[in-house]
Every structure is written in structure tokens, then in C-alpha cells.
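For reference, the structure discussed in these notes is given below.
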Amino acid sequence: MTDEASLSPPSLPSQRGSGTGEQRLVLVVEDEPTIAEAVAARLRNEGFGTVIATDGPAAVAVAEETRPDVVVLDVMLPGLDGLEVCRRIHAAHPAVPVLMLTARDDETDLLVGLAVGADDYMTKPFSMRELVARVHVLLRRMERAEAAARQAEPEAVRLGPLRIDRTQRRVHLDSAEVHLTPTEFDLLVCLASRPRAVLSREQLLAEVWDWVDASGTRTVDSHIKALRRKLGAEWIRTVHGVGYALETPGAPDRAGRPGG
């Protein structure tokens, strides 16, 4: 980690913060006590409530008991590794965003993490300031999704065999349901709002992740690859040096010609 001023441990391993109003709860899953306590302390200083779990089985149990709003999850854990913990939390609570912490920046490992339900990732050492910013972004996206579900928007978007239900946040391809993470769903909705239009990585970062700089373009690439694995590679076209476009294979274009 960087940002060394934040490393003094709190007096308790986990506790609610002292903010007013509705307080969001973050589950911190980390087997290194110094790191876990430092992350929890910084989050409490930002007005969050926190609870800590130090191994995989405890993380699953605490998530079920406390129903956190966000999970900050280390990959390397005793008992159950972070990938299995993420898979179980996502299966039980698919709307809860998960920020994974990993010691390796290997693309295959990151894609595996996204496939089991992670919404974002950071590699160690990390900045406490950036971690807090990522948590805020995940919460804003979750709140936007909740607000959109309450608004009088079209319940479903249909693009050929692809059906996106915004209210229920479910996706079907032909007759089969495609299980997406919250981030993958938001990314797909963003692309589907302008089918066949090329959206730059910077646009996607701004609209899906609320990031105002281009430091997370690899995050976009990793999530696009995860979407392709679930939908099929033919659904998302890469425009090298620019960005991505959602294709609509099997759907007619504006001139009435079949898509492809």
C-alpha cells in the first residue's frame, strides 16, 4: 500500500463509523491484520461502517449475516480463497459489488476474478486514497442502478436474440439467461444504448465507472473480455486505438438488412 499516513490501526478490528444518516457498510476481507485494520480505519474515517473477516469461511458467513453494501476482498485467503468467496457472495447477493485485491497483475487471474462476480480490482501495493475512491464509485453505480429501476424507463431492450431487462437487471440470449456481474450489466447497458456506435474506453470509464481519467483502460478491456466470454465474441467489436461497439448479430439494421 501507499499513503502511509493511513496505516495507524484503529482501536477495534471492526466497528460502525460515526457518520450521520444512512451509513453504508463495507466488508473488508483480508488475512493480514495490519492491512485489514488500516483499510477499515480509513473507510471509517470516510464515513463508512466496516466489518472485518480474516479467512474465507468467515467472509461468507459475515456477508450473509451483515448484508454489506460493498465487499473489499483479498484473493489470497486461508480456508477458501478469494475467488471462491466472491463466487459464493455473488451467488447469494448478486447486486453487492465486490472490489478484489490481488498481489498479481496477471490478466488471466483478473479475468477469472471477473468471471466469478468481481466488479473491480486493485493490485498490491495500492493507494488508500484510490481504494476509497473505488468504493465510492461502486456505491454510486449501485445507487444509480437502483434509481433507474424505479424510473419509468423501458423495462427491456431487445437487440435481436439479446434481451436486457433493466428493471430486474437480467439478460437473456435466445432463451438462456446470461449471468452478469453488476459491472458487466452496466457496461452492456451502456453499449446497448447506442448499438453499433463506437464508444471509446474513456467514454466507458466515465459512464460506467465514473472515472474522469484514462488510468483504468485495462479495467474496461478486462470487462469487455468477460462479456465476450458470456455473450459470444461476435457481439462486441473492437476498433483498435478507439474503443468498442456492440454488434447485433441476427438483428436487422436500420435499413432492414440482417445484422452480423
Side-chain angles (χ1 to χ4, degrees), residues 86-87 90-98 107 110-120 138 140-211 216-240 242-260:
C86 185
R87 183 183 292 109
H90 181 66
H93 311 288
V96 175
V98 176
E107 186 174 71
L110 296 176
L111 285 173
V112 170
L114 297 175
V116 299
D119 294 277
D120 199 359
L138 290 173
R140 285 199 300 270
R141 286 176 34 227
M142 183 179 69
E143 290 163 358
R144 279 206 315 268
E146 291 171 350
R150 294 191 295 267
Q151 293 174 357
E153 293 185 354
E155 289 189 359
V157 174
R158 291 183 180 272
L159 297 169
L162 182 68
R163 183 178 185 273
I164 305 169
D165 189 320
R166 295 181 179 178
T167 302
Q168 298 187 32
R169 294 181 67 82
R170 300 175 73 176
V171 175
H172 287 83
L173 184 57
D174 294 318
S175 58
E177 183 168 3
V178 181
H179 297 281
L180 302 181
T181 69
T183 299
E184 291 166 358
F185 182 88
D186 292 340
L187 178 58
L188 179 60
V189 167
C190 185
L191 290 166
S193 67
R194 285 153 284 186
R196 293 197 174 95
V198 179
L199 302 182
S200 70
R201 291 175 175 84
E202 291 74 19
Q203 283 179 280
L204 294 170
L205 279 171
E207 295 186 27
V208 179
W209 281 268
D210 280 340
W211 291 5
T217 54
R218 190 174 177 193
T219 296
V220 176
D221 296 342
S222 296
H223 280 84
I224 288 289
K225 289 181 180 179
L227 269 181
R228 281 179 170 145
R229 290 175 60 210
K230 295 180 179 182
L231 295 177
E234 70 275 10
W235 278 92
I236 301 176
R237 176 167 57 95
T238 299
V239 180
H240 294 288
V242 182
Y244 299 99
L246 183 70
E247 295 298 300
T248 52
D253 62 17
R254 293 179 180 177
R257 296 182 296 268

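The chain is numbered in sequence order, starting from 1. All figures in this text were calculated on a predicted structure; none of them were measured in a lab.
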Nearest non-hydrogen partners of [X] and [Y], listed with the distance:
{"X": "A118", "Y": "C86", "result": "N-SG, 3.4 Å"}
{"X": "R237", "Y": "E247", "result": "NE-OE2, 3.0 Å"}
{"X": "L227", "Y": "L188", "result": "CD1-N, 4.2 Å"}
{"X": "R169", "Y": "P182", "result": "NH2-O, 3.3 Å"}

Using a 4.5 Å cut-off on heavy atoms from C-beta on, say whether the side chain of [Y] contacts that of [X].
{"X": "L187", "Y": "I224", "answer": "yes"}
{"X": "D186", "Y": "W209", "answer": "no"}
{"X": "R228", "Y": "T238", "answer": "yes"}
{"X": "V189", "Y": "I164", "answer": "yes"}
{"X": "W235", "Y": "L191", "answer": "no"}

- Task: Step by step, work out the side chain to side chain contact (heavy atoms under 4.5 Å, CB included) result for I236 and L246.
- Result: CA-CA 5 Å; I236 301 176; L246 183 70; 4.2 Å; yes
- Query: So, the side chain of D119 versus the backbone of V98: is there a donor-acceptor pair under 3.5 Å, distance only?
  - Reply: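 Indeed, once roles are kept as given, a pair shorter than 3.5 Å links the two residues.
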- Query: Just by modelled atom types, is the D221 backbone N or O under 3.5 Å from a matching donor or acceptor in the R201 side chain?
  - Reply: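 Not confirmed, R201 side chain does not pair with D221 backbone.
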- Item | Qualifying residues under side chain to side chain contact (heavy atoms under 4.5 Å, CB included), relative to E207, sequence neighbours excluded |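 With sequence neighbours excluded, E207 shows a side chain to side chain contact (heavy atoms under 4.5 Å, CB included) to C190, R194, Q203, given in chain and number order.
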- Task: Rounded to the nearest 0.5 Å, what's the gap from CZ on R158 to NE2 on H172? Could you check?
- Result: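 With rounding to 0.5 Å, CZ (R158) is 10.0 Å from NE2 (H172).
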